[in-house]
Amino acid sequence: MGSVPPASSLPALATNPKAIFFTDFDGTITLQDSNDYMTDNLGFGVELRRQGNRDVLEDKKTFRDSFREMLDSVQAPFDECVRTLLANVKLDPKFAEFNSWCRANNVPIVVLSGGMQPVIRALLAHLVGEENVKGMQIVSNDVAPRPGKSINDVGGWTIVYHDDSGFGHDKSLEIRPYAALPEGQRPIMFYAGDGVSDLSAAKETDLLFAKAGRDLVSYCDREKVPYTVFNDFGDIHKVVKSVLDGEITVQQAAVNKS
């Protein structure tokens, strides 16, 4: 029989919330995927990236291997990559308002990302404001220098994966300890995502938001995973508020049930 982790080991429970909002970062909180942007503009380009995504969706390749191939194709120094992203990646137009509402209503936002921690923190501080994301938990991969180099050298950096899974960062591992909590301690759990890095989390929460027109929708339809589609965080905000206000259940909100 598996043991339930103590609540003290789960950071998002610190304020005893009624709900937790887990979310992807790239292409979900942001309009562009920063890793895709680097690959398309500083790496091997759009076509090879898209082929890698297809290979992952069709189980021909792990996300871990495909993603490393993408990022290894980017030889620009890391500080140059960050500057390029800060100049070109935009925020979902409704995220800042949703983030403010969550902060005011004790709904912790936990970012679960297949991207790299320094990129995510730099973009959040730039796009949302450092004070507005203070205390936001971010669980992601990291970056490290290659042997004998600095990350700010040409070809000087590489991704460091969060875990040994085929995803590189298996997001379900962060969510499951919350799901295992006994009734009365377990908050309502939401997840929002858009792509192949979100496959490990798709079945783990009470309500999944999948971004319209993206790979996660195709996966959910194929695997018969209930979800509700969103175009921006305004759509998410309405549903989360309605669930917490008791106007609808998470089952009623999961309108896409293939």
Side-chain angles (χ1 to χ4, degrees), residues 4 7 10-31 91-113 128 132-133 135-137 139 171-172 174-195 197-258:
V4 176
L10 303 175
L13 292 183
T15 57
N16 194 29
K18 183 178 177 181
I20 302 171
F21 191 87
F22 296 97
T23 179
D24 175 49
F25 180 73
D26 284 292
T28 302
I29 289 176
T30 60
L31 296 182
L91 187 72
D92 178 292
K94 300 293 185 181
F95 178 75
E97 182 182 346
F98 178 70
N99 179 56
S100 295
W101 180 86
C102 286
R103 284 160 61 92
N105 288 275
N106 190 26
V107 179
I109 294 177
V110 179
V111 175
L112 303 181
S113 175
V128 187
N132 293 323
V133 295
M136 186 181 289
Q137 186 185 356
V139 185
K171 299 179 181 184
S172 69
E174 191 69 23
I175 299 171
R176 284 177 184 166
Y178 292 93
L181 291 167
E183 192 173 349
Q185 291 183 42
R186 184 190 183 283
I188 300 168
M189 299 189 302
F190 302 96
Y191 185 83
D194 74 312
S197 76
D198 301 305
L199 304 187
S200 64
K203 301 176 184 178
E204 301 297 331
T205 58
D206 300 304
L207 181 60
L208 170 67
F209 295 94
K211 194 161 189 177
R214 302 290 180 88
D215 288 336
L216 184 58
V217 168
S218 303
Y219 171 81
C220 290
D221 287 340
R222 188 184 77 196
E223 299 295 322
K224 297 183 170 27
V225 177
Y227 67 97
T228 188
V229 74
F230 75 98
N231 292 289
D232 61 32
F233 267 85
D235 298 334
I236 290 173
H237 190 167
K238 287 175 194 169
V239 175
V240 170
K241 186 175 186 304
S242 293
V243 169
L244 296 188
D245 287 347
E247 295 170 4
I248 59 171
T249 65
V250 288
Q251 291 79 15
Q252 290 169 331
V255 294
N256 300 88
K257 300 174 180 136
S258 302

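Excluded from the calculations below are hydrogen atoms, water molecules and symmetry mates; all remaining heavy atoms, backbone and side chain alike, are included. Each residue takes its place number in the sequence, starting with 1. The structure displayed is predicted, hence computed values, not measured ones.
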Crowded around Glu97 CD? As in, over 12 foreign heavy atoms under 6.0 Å? no

Donor-acceptor contact below 3.5 Å, side chain Asn105 vs main chain Val107: no

Do Leu199 and Leu216 come close enough that some side-chain heavy atom pair is under 4.5 Å? yes

Backbone N/O of Ala201 and side chain of Lys171: donor-acceptor pair under 3.5 Å: no

In Å and rounded to the nearest 0.5 Å, what is the CG to OG1 distance from Leu208 to Thr228? 9.0 Å

Check Asp194 with Lys211, please: is the shortest side-chain N to carboxylate O separation under 4.0 Å? no

Do you know the tightest heavy-atom contact between Ala210 and Val217? CB-CG2, 3.8 Å

One should read off an interatomic distance between Ser200 OG and Arg176 CZ, to the nearest 0.5 angstrom, of 8.5 Å

Tightest non-hydrogen contact, residues Arg214 and Gly27, listed as NH1-O, 3.5 Å

Parallel, tilted or perpendicular, judged at 30° and 60°: which one describes the rings of Phe21 and Phe98? perpendicular

Is there a side-chain contact between Ser113 and Asp26, using heavy atoms and a 4.5 Å cut-off? yes

Applying ring-ring contact (aromatic ring centres under 6.0 Å, His included) to Phe95 and not counting sequence neighbours gives Phe233

With side chains defined as the heavy atoms from C-beta onward, is the minimum distance between Phe209 and Val240 less than 4.5 Å? yes

Side-chain heavy atoms of Val139 within contact of Leu112, under 4.5 Å: yes

Where the side chain of Thr28 meets the backbone of Phe25, is there a donor-acceptor pair that is under 3.5 Å apart? no

Does any N or O in the side chain of Asp24 come within less than 3.5 Å of the main-chain N or O of Gly195, such that one atom is a donor and the other an acceptor? no

Contact check, side chains of Met136 and Asn99, non-hydrogen atoms, under 4.5 Å: yes

Would you check if Val243 and Asp206 make a side-chain contact, meaning some heavy-atom pair closer than 4.5 Å? no

Compute whether any side-chain donor of one residue and acceptor of the other, for Asp198 and Tyr191, lie under 3.5 angstrom apart. yes

So which heavy atom on Ala12 is nearest to which on Val110, and how close? CB-CG2, 3.9 Å

Mind checking whether Tyr178 and Leu13 have side chains closer than 4.5 Å, heavy atoms only? yes

If I compare all heavy atoms of Thr205 with all of Met189, which pair ends up nearest, and what's the gap? CB-O, 3.4 Å

Interatomic distance, CD1@Ile109 vs CD@Gln137, rounded to 0.5 Å, equals 12.0 Å

Taking the side chain as every heavy atom from C-beta outward, state whether Asn231 and Lys94 have any pair of such atoms under 4.5 Å apart. no

Donor-acceptor contact below 3.5 Å, side chain Gln252 vs main chain Thr249: yes

Shortest non-hydrogen pair, Ala19 vs Phe190, comes out as CB-CE1, 3.8 Å

How many angstroms lie between atom CD1 of Ile20 and atom CD1 of Ile188, to the nearest 0.5 angstrom? 10.5 Å

So which atom in Asp232 and which in Gly234 form the shortest heavy-atom distance, rounded to 0.1 Å? OD1-N, 2.8 Å

Stepwise, does the side-chain contact (heavy atoms from CB on, under 4.5 Å) test hold for Leu181 with Leu10? CA-CA 10 Å; Leu181 291 167; Leu10 303 175; 4.1 Å; yes

